[in-house]
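Here the structure is a predicted model, which is why all the values come from computation and not from measurement. Residue numbers start from 1 in every chain, and the chains themselves are labelled A, B, ... in the order their sequence lines are given, proteins ahead of strands.
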Protein chains: 2
Amino acid sequence: MTPSRDVEPAKPVQLDKRRMILDAAVVAFATRGFHACRVSDIADEANVAYGLVYHYFRSKDEVLDTLFLERWDVLLEVIAEIDAQPLPAREKLRAIASFIIESYRHDPDLMKVIIVEVTRAANSFGRTHLAKIREAYALIADIVGKAQADGTFRTAVTPTFAALAFYGAIEQVLTGWIFDTLPQGEAEFDQAKAFIVETICGGLDAAAVR
Amino acid sequence: MTPSRDVEPAKPVQLDKRRMILDAAVVAFATRGFHACRVSDIADEANVAYGLVYHYFRSKDEVLDTLFLERWDVLLEVIAEIDAQPLPAREKLRAIASFIIESYRHDPDLMKVIIVEVTRAANSFGRTHLAKIREAYALIADIVGKAQADGTFRTAVTPTFAALAFYGAIEQVLTGWIFDTLPQGEAEFDQAKAFIVETICGGLDAAAVR
DNA sequence: TGTCGGATTGACTGGTCAGTCAACAGCTCG
DNA sequence: CGAGCTGTTGACTGACCAGTCAATCCGACA
């Protein structure tokens, strides 16, 4: 109809097809879930032929693997960087919670896929990545351990356990947002960062003098 | 070979086939995972014909639904009972953590199925049961809320949020046991009960006087 | 003993997809 | 210009499995 109807102005033509497939997969997996999502859904979403997915990836699984590893490695690096800074442990934990929540704010679909299809799906996909996932726990535990050694944190609980509780709180909050169980928005994101740290570090007890 | 080889001494013949199918499904789902488990696996495990599963249940899904609801309803009742007792909030939380962990100690396979295939699988099965799952959160939040009202707990964090963190810690620990990421045994079970409450109620900070 | 209805059986069907493959397009370089 | 490579296409196949169903079994009751 219009003279230039073949041009797509809003969607600039992506040239890296591999990247296009990965990005399309994020949308497809987030929308329908990994199992319910067919490879043709990914191809359609990417505006690419079915077979091309198999040119760039060995299998549907490998697409998810790639998405997960790409992002999880960034997380591991960031945690390590945060730990390297001269901050009190509480601030380090806050920075980690903040990074994860910001990741969600920035790309909810990607985080949904990673959390729902990998991290929380320990039976299918998580199995493969258990070790990678645990690396994050270990880094967090390390932060707690060092804080206990220098007296900043109490030793009532093992570092491993504290890391579990900390990560567990973050995952629950993200899951709540992902499935619309919790209200989400700028205010809630910031509140969550504060609450996670406050719960894990400060505890619920009114007890003694604070 | 032996005269009485047709008699099974250790495995007394179950008469309620429906129950047999449910119990077999627990084993089958726990071993292979819900998706990878075929209906014939359940039937085989139950020593029952394939079609009988469909005599008692409308679908494979309904088998899992049944298992989940049976158990989750017990959990909800127990939490309500605990809340009704005249205990300090911290003790109530301890009792809840204890009940869940004892459930795992008593029947790890069943808890594995419920946690892995329903609770943590919010995308497939959890979707259906989100409301039921949230009832548990609400009960816990209520305990926290009342403790905040009477001054036992600080108000730094909303009850909803505290419930999330509490349940998140429990789920992480169970997940760790389920996938052999954490050591498990009598000692660990008791330690976990204490640590969960200690982390959530006591917090990590050494801060002030305790 | 015969009839009826629920319990039980397992072969079969229909639909769904992941992954294959043969063909085609378009670029580069000799 | 043409040989050879990489990128791209989409129809097709093979496997898998949930759910169906017609047949058989068996106990209760008349």
Side-chain angles (χ1 to χ4, degrees), chain A residues 6 8 11-68 113 117-118 121 123-125 127-129, chain B residues 6 8 11-68 113 117-118 121 123-125 127-129:
Chain A
D6 285 334
E8 286 185 59
K11 253 187 203 167
V13 184
Q14 260 273 14
L15 286 171
D16 183 349
K17 296 281 178 91
R18 192 185 127 97
R19 189 74 255 162
M20 285 173 70
I21 291 170
L22 285 172
D23 292 344
V26 169
V27 176
F29 290 161
T31 308
R32 325 171 77 105
F34 179 78
H35 285 290
C37 165
R38 279 146 298 170
V39 172
S40 63
D41 292 331
I42 302 176
D44 289 352
E45 180 72 35
N47 281 311
V48 135
Y50 185 93
L52 198 61
V53 176
Y54 288 90
H55 179 71
Y56 288 107
F57 303 93
R58 257 192 289 274
S59 65
K60 184 184 167 191
D61 286 19
E62 202 184 83
V63 176
L64 180 54
D65 281 343
T66 305
L67 286 173
F68 169 72
V113 171
E117 308 296 347
V118 185
N123 218 17
S124 44
F125 255 90
R127 249 318 176 351
T128 329
H129 299 296
Chain B
D6 284 334
E8 286 185 60
K11 252 187 203 167
V13 184
Q14 260 274 14
L15 287 173
D16 183 350
K17 297 280 177 94
R18 192 186 128 95
R19 188 74 255 163
M20 284 173 72
I21 291 170
L22 284 172
D23 292 344
V26 169
V27 176
F29 290 161
T31 309
R32 325 170 77 107
F34 179 78
H35 285 291
C37 164
R38 281 145 296 171
V39 173
S40 63
D41 292 330
I42 302 175
D44 290 351
E45 180 72 35
N47 280 312
V48 135
Y50 185 92
L52 197 62
V53 175
Y54 287 91
H55 179 70
Y56 288 107
F57 302 94
R58 257 192 289 274
S59 65
K60 184 184 167 191
D61 286 19
E62 202 184 82
V63 176
L64 181 53
D65 281 344
T66 305
L67 286 173
F68 169 72
V113 170
E117 308 296 348
V118 186
N123 218 16
S124 44
F125 255 90
R127 247 326 173 346
T128 329
H129 299 296

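To the nearest angstrom, C1' of C:dT16 lies 15 Å from NE2 of A:H35. Separating the CD atom of B:E62 from the C1' atom of D:dA18 is a distance of 14 Å, rounded to the nearest angstrom. Between the CZ atom of A:R32 and the C1' atom of C:dT16 there is a distance of 13 Å, rounded to whole Å. Distance CZ (A:R18) to C1' (D:dT8): 17 Å, rounded to an integer number of Å. Between the P atom of D:dC17 and the CZ atom of B:R38 lies a distance of 5 Å, rounded to the nearest Å. At whole-Å resolution of the value, CG in B:D61 and P in D:dC17 are 15 Å apart. Rounded to whole Å, atom C1' of C:dT8 lies 14 Å from atom CG of B:N47. Rounded to an integer number of Å, the gap from CE of A:M20 to P of D:dT9 is 9 Å.
Remark: A:K60 is not in phosphate contact with C:dC17, judged by side-chain N or O atoms under 4.0 Å from OP1 or OP2.
Without hydrogens or angle criteria, B:E45 side chain to B:A28 main chain gives no donor-acceptor distance under 3.5 Å. Counting only distance, with no hydrogens or angles, the side chain of A:D41 and the backbone of A:R38 share a donor-acceptor pair below 3.5 Å. For A:K60 (side chain) and A:V53 (main-chain N/O), no donor-acceptor pair under 3.5 Å exists by modelled atom type.
Residues of residues 48-59 of chain A having a heavy atom closer than 4.0 Å to DNA chain D, listed by number: A:V48, A:A49, A:Y50, A:G51, A:L52, A:H55, A:Y56.
Here the shortest heavy-atom pairing between B:D61 and B:F34 reads OD1-CZ, 3.4 Å.
The shortest distance between side-chain heavy atoms of B:L22 and B:Y56 does not fall below 4.5 Å.
Taking the six-membered ring where tryptophan is involved, the planes of A:F68 and A:H129 are tilted, since the angle between them lies from 30° to 60°.
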